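Following: one structure in structure tokens, then a few remarks.
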Amino acid sequence: MGVLDGRVAIVTGAARGQGLAEAERFVAEGASVVLVDRLGEQGKAAADGLGTAARFVGGDVAAEQTWAQAVDVATAEFGGLDILVNNAGIMVSRGLVDTDEATFRDVLDTNLVGAFLGIRAVVPAMRARGGGAIVNTSSAAGIKAIPMGSAYVASKFGLRGLSRAAALELGRDRIRVNCVCPGLVRTEMAADLLRYHEREALSRIPLGFAAEATDVADLVLFLVSDASRAITGGEYLIDGGAIA
């Protein structure tokens, strides 16, 4: 038996990296999963690789129609919805003065507005199941700012606030909302940093290593499982002690 037997999840940004690791872990623990990503071919291949317990919805999380389709697929194909992981995110490394308005808005639309739309879209289906669990992926940069990333930092700080507000409002529906804050993780987003500055980056981490996507997936699995049934409104760093 798996800890998520019979449950249905939506995971965004699931074509690769942390999102894919989370989808894989959920399926291994008995859940059915709808993978959402704007990387169409890669996302479909990821879902196909997970077998009959997975479906793929291609689209931008900043678009309401993407969410409507994802919820429709979850309920029509798998019978309901219990879990949402707002993992989709983008990062632009650029100085504040050099960041144009369109870029700033694009980052916020994906990282923050997309999560808001997702939470709003899944609530009716979760209420119909008597509750649910939502995990939003913020960042260590949403706790301690980093240079050359004003849009990313703003979006991730905002996601922490959104998570707390949602936890307060949705608790009465038995819908739990928590936030994970990864630091350096070996995914495509961190590829250039690790390629050119790995020694320097690791020197700032007390544990001395970058997390893997599966480490984040383990934490998310805990937060959507019954093992965390009394936890909501929480923020969980997974940064090897870098901020400490």
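We use all heavy atoms of the structure for the numbers below, so side chains are in, but hydrogens, waters and symmetry mates are not. Predicted, not measured: the structure shown is a model, and the values here were computed from it.
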Rounded to the nearest 0.5 Å, what separates atom [atom1] in [X] from atom [atom2] in [Y]?
X      : Y      : atom1 : atom2 : answer
Leu117 : Leu112 : CG    : CG    : 9.5 Å
Thr12  : Arg38  : OG1   : CZ    : 11.0 Å
Gln69  : Glu64  : CD    : CD    : 14.0 Å
Ile90  : Tyr152 : CD1   : OH    : 10.5 Å
Leu184 : Glu198 : CG    : CD    : 8.0 Å
Glu24  : Leu221 : CD    : CG    : 13.0 Å

When clusters are formed by joining ILVMFWY residues with side-chain heavy atoms under 4.5 Å apart, either directly or through shared neighbours, do [X] and [Y] land in the same one?
X      : Y      : result
Val57  : Phe78  : yes
Val36  : Ile83  : no
Val224 : Leu35  : yes
Ile143 : Val135 : no
Met126 : Leu162 : yes

For the backbone of [Y] and the side chain of [X], can you confirm whether one donor and one acceptor N or O come within less than 3.5 Å of each other?
X      : Y      : answer
Asp72  : Ala76  : no
Thr103 : Thr99  : no
Asp239 : Ala242 : yes
Glu29  : Val3   : yes
Asp173 : Arg127 : no
Asn87  : Gly13  : yes
Ser138 : Leu159 : no
Asp98  : Gly95  : no
Thr110 : Val107 : no
Arg55  : Thr52  : yes

Walk me through it: do Lys156 and Ile146 pass the test side chain to side chain contact (heavy atoms under 4.5 Å, CB included)?
-> CA-CA 11 Å; Lys156 295 302 186 178; Ile146 58 173; over 6 Å; no

Any heavy-atom pair between the side chains of [Y] and [X] that's under 4.5 Å?
X      : Y      : result
Asn86  : Phe116 : no
Gln18  : Val180 : no
Lys144 : Leu237 : no
Val33  : Ile10  : no

Starting from the C-alpha separation in whole Å, work towards a yes-or-no answer on salt bridge (charged side-chain N to carboxylate O under 4.0 Å, His left out) for Asp215 and Arg186.
-> CA-CA 10 Å; Asp215 295 315; Arg186 291 188 182 276; over 6 Å; no

Atom CZ of Arg160 with >12 non-hydrogen neighbours under 6.0 angstrom =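 Yes, enclosed.
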
For atom CZ of Arg164, decide whether the heavy atoms of other residues, nucleotides or ligands shown that lie under 6.0 angstrom number more than 12.
->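 No - once you tally the heavy atoms of other residues, nucleotides and ligands closer than 6.0 Å, there are 12 at most.
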
If every non-hydrogen atom of [X] is compared with every non-hydrogen atom of [Y], which pair is closest and at what distance?
X      : Y      : result
Leu202 : Ala210 : CD2-N, 3.5 Å
Tyr236 : Leu219 : CB-CD2, 3.9 Å
Phe56  : Asp37  : CZ-O, 3.5 Å
Glu169 : Arg172 : O-NE, 3.4 Å
Val71  : Ala125 : CG1-CB, 4.3 Å
Gly89  : Asn111 : CA-OD1, 3.1 Å

Compute whether any side-chain donor of one residue and acceptor of the other, for Ser228 and Arg176, lie under 3.5 angstrom apart.
->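 Yes.
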
Is there a donor in the side chain of Asn136 and an acceptor in the side chain of Ser163, or the other way round, less than 3.5 Å apart?
->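 A pair is found: one side chain offers a donor N or O, the other an acceptor, under 3.5 Å apart.
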
Using side chain to side chain contact (heavy atoms under 4.5 Å, CB included) as the criterion, point out the one residue from Leu84, Ile134, Thr232, Val122 that pairs with Ile175.
->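 Single side chain to side chain contact (heavy atoms under 4.5 Å, CB included) partner of Ile175 among Leu84, Ile134, Thr232, Val122: Ile134.
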
Residues Leu81, Arg129; criterion side chain to side chain contact (heavy atoms under 4.5 Å, CB included); working and verdict = CA-CA 7 Å; Leu81 182 62; Arg129 300 276 266 196; 5.7 Å; no

Begin from the C-alpha positions of Val11 and Val34 and carry the test side chain to side chain contact (heavy atoms under 4.5 Å, CB included) through to its verdict.
-> CA-CA 6 Å; Val11 181; Val34 178; over 6 Å; no

Intermediate values then yes/no, side chain to side chain contact (heavy atoms under 4.5 Å, CB included), Gln65 and Asp60 | CA-CA 9 Å; Gln65 60 264 33; Asp60 191 334; over 6 Å; no

Decide, yes or no, whether a salt bridge links Arg94 with Asp100 under the criterion of side-chain N to carboxylate O below 4.0 Å.
->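 Yes, Arg94 and Asp100 are salt-bridged.
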
